[in-house]
Amino acid sequence: MRKTSGAFALREIASLLGCPAPVVDVNITGIATLAEAGPNDISFLGSDAFVRHFRATRAGAVLVQKNVHLPETTKTPVIIVDDADLALGKLLTAFAPPSPPQPKGVDAHALIDPSARLGPDVSVGPYCVIGKNVQIGRGTIIHAQVFVGNDVQIGEYCILHPNVTLRDRIEIGSRVIINSGSVVGTDGFGYRWDGTKQAKIPQIGTVVIEDDVEIGSCVCVDRAKFNATRIGHGAKIDNLVQVAHNVSIGPHSMIAGQAGLAGSTTLGTRVILGGQSALRDHIQVGDGAMVAACAAVASDVAAGKIVSGVPALPHRQNLREQAAFRRLPDLIVQVRKLQEEVKQLHARLSPASETEKAQKKRL
Amino acid sequence: MRKTSGAFALREIASLLGCPAPVVDVNITGIATLAEAGPNDISFLGSDAFVRHFRATRAGAVLVQKNVHLPETTKTPVIIVDDADLALGKLLTAFAPPSPPQPKGVDAHALIDPSARLGPDVSVGPYCVIGKNVQIGRGTIIHAQVFVGNDVQIGEYCILHPNVTLRDRIEIGSRVIINSGSVVGTDGFGYRWDGTKQAKIPQIGTVVIEDDVEIGSCVCVDRAKFNATRIGHGAKIDNLVQVAHNVSIGPHSMIAGQAGLAGSTTLGTRVILGGQSALRDHIQVGDGAMVAACAAVASDVAAGKIVSGVPALPHRQNLREQAAFRRLPDLIVQVRKLQEEVKQLHARLSPASETEKAQKKRL
Amino acid sequence: MRKTSGAFALREIASLLGCPAPVVDVNITGIATLAEAGPNDISFLGSDAFVRHFRATRAGAVLVQKNVHLPETTKTPVIIVDDADLALGKLLTAFAPPSPPQPKGVDAHALIDPSARLGPDVSVGPYCVIGKNVQIGRGTIIHAQVFVGNDVQIGEYCILHPNVTLRDRIEIGSRVIINSGSVVGTDGFGYRWDGTKQAKIPQIGTVVIEDDVEIGSCVCVDRAKFNATRIGHGAKIDNLVQVAHNVSIGPHSMIAGQAGLAGSTTLGTRVILGGQSALRDHIQVGDGAMVAACAAVASDVAAGKIVSGVPALPHRQNLREQAAFRRLPDLIVQVRKLQEEVKQLHARLSPASETEKAQKKRL
């Protein structure tokens with residue numbers, strides 16, 4: 001059971017991808033990796049590195065990227081494509097199960113403050129709570145058990161999955177997706193030792209999430225100390241990410257799982273942060289920069305640069321240092337040997353100079 | 001107040017553990033560490049490393065592992081056991097508070113789609129939402145405020161704690177425990193830059209959680225791009241763990257808190273991942289392998305191997321390199337000194353060779 | 001739109017801060033950074049490092065710390081203060097939006113067990129579930145969709161934000177704030193391989209959260225194996241933090257986002273843990289110690305010490321080793337060169353000694 005739906009003749013798939021149909025036709029009901037595919041699955045091969053999996057596959061057919069070197073003879077029907085990954089994306093869309101029926105209208109078990117204004121075709125699931133002066137744009141779907149605080153604005157055609165929490169006074173753009181368990185608008189983590197206790201610094205700002213953002217599950221986006229924590233349009237954030245107060249994430253940036261951004265840090269456009277990467281507070285990461293997984297970034301990163309490591313360095317420098325690190329235990333041995341040799345050289349020279357002195361005397 | 005229940009005579013405890021009763025009897029009402037125990041607590045000592053705590057303890061009695069070297073004279077009653085940890089486990093069970101009363105049947109404030117099929121003795125708490133075509137096996141307990149999407153299958157005798165979210169079309173085995181705040185079935189994090197935006201790649205697969213799995217709090221298990229993200233039977237996952245799309249976790253594996261597994265990575269049987277460890281995408285970790293806490297694993301790990309460090313290396317190599325690293329600042333000093341000495345040697349040789357030339361001339 | 005409220009004349013702000021009024025008066029409606037401020041915002045300057053931003057700012061006025069060296073001429077009205085950060089805190093309080101209207105009393109859509117005892121002025125929001133024998137102190141506010149298990153004690157004037165989960169048998173002090181998505185009281189992660197499976201070790205202890213603690217969003221605090229996991233009074237915990245079973249966090253400690261504390265680890269008073277730091281199990285961190293962001297702490301930290309790095313070392317040692325690490329690739333080149341030179345020295349000495357021998361013969 002592949003948990004996909006639909007069934008296609010292989011020639012239909014070829015036609016969908018704009019490719020000539022293979023000679024043999026097969027009935028395809030699912031998509032799988034070369035290793036896992038059965039005779040009614042289609043698989044994919046995008047690199048010579050996996051040709052050995054291709055030889056062994058039981059797949060009914062395989063999408064093969066044109067630059068891959070296939071074995072000369074093969075029984076497996078193939079469709080040659082320009083880009084296996086892109087073709088796979090098209091197939092995934094074709095095989096996608098029908099959209100699940102969405103909740104329609106406002107469920108009788110949702111509590112919506114009378115001052116809230118809902119656009120046409122808004123859905124609100126059971127056990128949701130929608131606060132005062134909330135505005136929700138056309139076509140937005142709010143699934144069950146979501147909390148929306150007072151004075152929140154939500155744009156059009158958003159999807160809030162079950163158990164999302166939006167605290168008071170925040171703004172969500174249009175076509176934004178927020179996945180379950182995420183919390184937007186918690187007070188930023190700001191305290192000041194006043195001599196007897198950690199006194200809370202008021203966090204009076206907001207959060208602005210622009211259009212076309214997707215936020216994963218159990219993500220925390222904190223409210224700004226003042227002004228706004230901002231997630232730029234089209235940015236995508238994976239699960240369990242921490243976005244602290246006054247952070248600004250540029251448009252179309254991609255933040256992988258468990259990454260953390262400390263207060264007031266700013267990302268440019270199309271920045272990529274790897275999984276579990278950490279960015280300290282008040283730094284700037286330029287447009288198109290990339291931070292490798294697990295990197296700990298403690299200073300600005302210029303546009304277009306790649307950094308990696310703990311602490312993060314330019315990626316090439318990090319690779320060079322890591323390669324050097326691999327040789328460090330040997331280096332210690334070499335230095336010990338050098339010390340020995342130099343000692344011997346001294347020893348050999350010393351009698352020599354005794355000889356010299358003796359010669360000088362004689363002369 | 002120990003928040004435990006029950007009270008036992010020490011001889012009852014000895015009998016429970018199959019040990020001879022100590023000469024002195026004591027009334028035991030709680031369990032505590034050597035440092036924290038009072039005169040009605042029993043404590044435990046499993047290693048010589050803690051004998052100093054034993055000397056100072058106020059415990060009413062102590063479970064002592066047989067290989068520990070006790071002080072020759074001691075007033076504290078002891079019970080000698082083969083394995084202090086195992087004996088403690090038995091005591092914890094004996095002292096455990098009575099099971100809290102579970103919700104029985106379907107609460108009047110739960111919303112269950114008429115198409116859902118519930119086995120006998122299923123409990124569903126208040127403010128739960130159960131979707132279309134859901135199947136729930138015998139004896140499963142669903143606590144308050146849980147969301148179960150459409151087409152979800154849940155086996156027998158599972159426990160879903162409050163505020164768990166199960167998205168559409170996933171499968172949960174039997175005797176599975178999922179703790180509060182966890183989310184299963186979010187779309188995998190998959191996008192493709194299409195020239196103007198990060199276009200969402202459909203995630204049409206499912207999640208399969210096999211029998212006897214326990215999942216902690218605020219854990220995210222994403223839906224596969226195709227086929228299934230899979231958690232093998234008997235695996236245990238701690239809090240705040242990220243399990244990306246198409247990951248496969250082998251049976252009986254143990255994943256400690258805040259670990260992260262990137263897309264399509266595969267763990268064998270009884271793999272152990274330490275806290276905050278990170279595994280990159282598309283790697284394979286063999287049966288019985290161990291990844292140390294905070295390790296960043298960027299390539300395959302063979303069965304039975306232990307890796308540690310950032311980037312992760314075989315554990316012995318990492319220890320050797322770390323030991324070398326500790327000596328690096330000194331090494332730099334040594335090399336500077338060597339450079340100086342070699343310079344001096346050159347200098348000493350040069351006049352020498354001047355002398356030689358002079359001698360040659362004279363000769 | 002600054003999402004702040006209130007408007008003040010600059011002289012009112014000066015008066016609020018106990019400073020002489022500037023000559024020019026301005027109407028101030030918001031607070032912003034030097035870079036972002038407009039003509040009706042007040043900004044702040046606490047360090048010479050940002051004087052260049054001061055020169056370029058469009059702010060209507062700026063709070064300037066007295067030790068900052070300002071340009072000699074400036075059109076921007078300034079208020080000179082002893083501590084810009086402290087003055088900003090006062091302004092944030094002044095500009096804070098009016099407290100949102102809190103839920104009052106028990107919502108008709110909350111389910112409260114008849115055995116629960118609620119003090120005066122307790123608020124419980126819609127879709128909350130409050131278990132058996134729960135006690136809630138005066139003035140505590142429980143927002144919507146919160147779960148409180150059986151036998152839970154909550155003190156006075158606490159705030160539980162929406163979607164918090166408190167499991168059975170835990171204790172919360174007074175004036176505690178717990179933010180959305182957090183889970184307190186999950187079973188600790190304890191299993192023992194019994195030959196065929198990871199057998200669950202009963203976690204029979206509790207969690208004690210003392211007075212004046214604030215806990216961020218999606219934080220997990222696990223129940224103790226026995227006795228209690230404890231968070232000391234006045235401690236502040238940021239988002240996505242893992243607090244394992246039997247951990248003890250000392251009073252007024254500060255734990256930044258995504259930090260993790262493994263089982264039975266103990267922090268003293270006013271310990272600071274940086275973001276994404278990780279502490280292994282059973283270690284002790286002394287009063288006032290600091291753990292840098294991303295540090296991996298594997299052994300005790302003495303009171304007052306600062307540690308950083310992976311693995312964590314005393315901070316100065318880590319800086320020294322990191323500086324050495326930066327020089328490692330060069331060091332390898334230097335050692336190779338030394339090896340070459342020593343070889344040459346040997347070579348030069350060998351003919352020399354041949355010469356010597358020849359000379360000796362001749363003599």
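Chain letters run A, B, ... following the sequence lines, proteins first and then strands; every chain starts at 1.
Only the side chain of H161(B) comes within contact range of chain C, with heavy atoms under 4.5 Å apart. With a 4.5 Å cut-off on non-hydrogen atoms, I237(B) touches chain C through its backbone but not through its side chain. Looking at V146(C), only its backbone comes within 4.5 Å of chain B, counting heavy atoms on both sides. Using a 4.5 Å cut-off between heavy atoms, L91(B) makes no contact with chain C at all. Only the side chain of I201(C) has a heavy atom closer than 4.5 Å to any heavy atom of chain B. Looking at V310(B), only its side chain comes within 4.5 Å of chain C, counting heavy atoms on both sides. Of the atoms belonging to D83(B), it is side-chain heavy atoms, and not backbone ones, that fall under 4.5 Å from chain C. Using a 4.5 Å cut-off between heavy atoms, Q317(C) contacts chain B through its side chain alone, with no backbone atom that close. In this structure, chain B has no heavy atom under 4.5 Å from any part of A295(C). Looking at S308(B), neither its backbone nor its side chain comes within 4.5 Å of chain C, counting heavy atoms on both sides. Contacts between R326(B) and chain C at a heavy-atom distance below 4.5 Å involve backbone atoms as well as side-chain atoms. Neither the backbone nor the side chain of S217(C) comes within contact range of chain B, judged by heavy atoms closer than 4.5 Å. Only the side chain of L338(C) has a heavy atom closer than 4.5 Å to any heavy atom of chain B.
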Determine, stepwise, if the pair E341(C) / K343(B) fulfils side-chain contact (heavy atoms from CB on, under 4.5 Å).
CA-CA 9 Å; E341(C) 291 192 71; K343(B) 210 166 154 186; over 6 Å; no

Evaluate side-chain contact (heavy atoms from CB on, under 4.5 Å) for F325(B) paired with F325(C), printing each intermediate quantity in order.
CA-CA 8 Å; F325(B) 193 26; F325(C) 194 27; 3.7 Å; yes

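By number of non-hydrogen pairs under 4.5 angstrom with chain B, the leading residue of Q344(C), R280(C), Q276(C) is Q276(C). The candidate with the highest count of non-hydrogen atom pairs below 4.5 Å against chain B, out of Q258(C), K337(C), R167(C), K200(C), is R167(C). Counting heavy-atom pairs under 4.5 Å between each of I332(B), D238(B), L328(B) and chain C puts D238(B) at the top. Considering only heavy-atom pairs separated by less than 4.5 Å from chain C, the leading option among V342(B), L86(B), D107(B), I177(B) is L86(B). Of all the listed residues (G181(C), A244(C), G190(C), A278(C)), the one sharing the greatest number of non-hydrogen pairs under 4.5 Å with chain B is A278(C). Note on A224(C), G260(C), A199(C), A296(C): by heavy-atom pairs under 4.5 Å with chain B, the leading option is G260(C). Annotation: maximal heavy-atom pairing with chain B below 4.5 Å, among R320(C), Q203(C), E321(C), occurs at E321(C).
No side-chain heavy atom of T33(B) sits less than 4.5 Å from a side-chain heavy atom of N227(C). Residues W193(C) and R270(B) form a side-chain contact, since some pair of their non-hydrogen atoms from C-beta on lies under 4.5 Å apart. You'll find the side chain of R336(B) stays beyond 4.5 Å of the side chain of Q334(C), heavy atoms only. By the 4.5 Å heavy-atom criterion applied to side chains, K225(C) and L92(B) are counted as neighbours. Contact annotation: the side chain of T93(B) never approaches that of I204(C) to less than 4.5 Å [non-hydrogen atoms, C-beta and beyond].
Atom CZ of F50(B) sits in a sparse spot, with 12 or fewer heavy atoms from other residues, nucleotides or ligands closer than 6.0 Å. For CZ of R175(B), the number of neighbouring non-hydrogen atoms (other residues, nucleotides, ligands) closer than 6.0 Å is greater than 12.
Checking D222(C) against N239(B) by side-chain atom types alone, a donor-acceptor pair falls below 3.5 Å. Looking only at atom types and distance, the side chain of T186(C) has no donor-acceptor partner in the side chain of N179(B) under 3.5 Å away. Judged purely by distance below 3.5 Å, without hydrogens or angles, the side chains of Q145(C) and Y127(B) never pair a donor atom with an acceptor atom.
Each of V183(C), V164(C), L166(C) was compared with S180(B) under the side-chain contact (heavy atoms from CB on, under 4.5 Å) criterion, and only V183(C) meets it. Screening V241(C), L240(C), V219(C) for a side-chain contact (heavy atoms from CB on, under 4.5 Å) with L240(B), the sole residue that qualifies is L240(C).
F189(C) approaches K236(B) most closely through the heavy-atom pair CZ-O, 3.6 Å. Closest approach of F226(C) and L88(B) over heavy atoms only: CE2-CD2, 4.2 Å. Closest approach of N163(B) and F147(C) over heavy atoms only: ND2-CB, 4.4 Å.
Using a 4.0 Å cut-off between charged nitrogen and carboxylate oxygen, D212(B) and K197(C) do not count as a salt-bridge pair.
Q242(C) places no side-chain N or O within donor-acceptor distance of the main-chain N or O of G257(B), the cut-off being under 3.5 Å.
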